[in-house]
Amino acid sequence: MEEIQKFLEIVNKNGLLWLLEAKPGLFAMLEDGGGNSYIPVWASEAEAKSNIDGDWETYTVATMDIAEFITWTRELDGDEIGIAVSTGDEGKILPIPSKIMRQLLGGQDKSDRELVGEEFYDEEWAEPMPEDFEDEE
């Protein structure tokens, strides 16, 4: 949980977060062994840039402000796409449901109210992702 809090502090301070983009509107994705998809996000440009390699070698770094990202999480939630928060530790990421990320960034709506409080942290989602994730385009 400490990694997520650090990420949130930086993102809230800067008012934006970083993604990798293949072309406008087409962002890097990860998929776990169970077929779950995630959009990876980083708290800094340098962290995002350090992940441009392999299947993502032609991607560029893109920013998104928090308000736009919060709005986008509603669409991602509907498509059952989670958020993969980079911890900065050698590619380690923490998967978080889009709905939870929206709450953490302060974008609650009436459908999110059941998540308010300490119970938002789901241990299954909180497990660090294995190193054998497949990059999606």
Next on the checklist: So L20 and V61, do their side chains get closer than 4.5 Å, heavy atoms only?
Outcome noted: yes

Checklist entry - Are side-chain heavy atoms of F69 and V41 found at a separation under 4.5 Å? => result yes

Next on the checklist: With rounding to the nearest 0.5 angstrom, report the OG1 to CG distance, T63 to L17.
Outcome noted: 8.5 Å

Item to check | Non-hydrogen atoms of P40 and W56 that approach each other most closely | outcome: CG-CH2, 3.8 Å

Checklist entry - Distance from I96 atom CD1 to I39 atom CD1, nearest 0.5 Å? => result 14.0 Å

Next on the checklist: Please report the interatomic distance CD1(I70) to CE(M64), rounded to the nearest 0.5 Å.
Outcome noted: 11.5 Å

Item to check | Least distance between heavy atoms, G82 atom then S98 atom | outcome: CA-OG, 3.8 Å

Item to check | Note, L105 side chain near N12 side chain (heavy atom, < 4.5 Å) | outcome: yes

Checklist entry - Rounded to the nearest 0.5 Å, what separation is found between the CD atom of E3 and the OG atom of S86? => result 10.0 Å

Checklist entry - With under 30° as parallel and over 60° as perpendicular, where do the rings of F27 and W72 fit, or are they tilted in between? => result tilted

Checklist outcome for this item: Correct closest heavy-atom pair for W18 and A48 would be CB-CB, 3.9 Å

Next on the checklist: To check you understand the geometry: which heavy-atom pair defines the closest contact between I10 and A43, and what is its length?
Outcome noted: CG2-O, 3.5 Å

Checklist entry - Any sub-3.5 Å donor-acceptor pair from S37's side-chain atoms to I81's backbone N or O? => result no

Next on the checklist: When you group the ILVMFWY residues by side-chain heavy-atom contacts below 4.5 Å and let the links chain together, are L8 and L76 in the same group?
Outcome noted: yes

Checklist entry - From L19 CG over to Y59 OH, what is the distance, rounded to the nearest 0.5 angstrom? => result 12.0 Å

Item to check | Cluster check I83, I4: I/L/V/M/F/W/Y, side chain < 4.5 angstrom | outcome: yes

Item to check | Rounded distance (nearest 0.5 Å) linking atom OH of Y38 with atom CG of D32 | outcome: 4.0 Å

Checklist entry - Does any N or O in the side chain of E21 come within less than 3.5 Å of the main-chain N or O of G25, such that one atom is a donor and the other an acceptor? => result yes

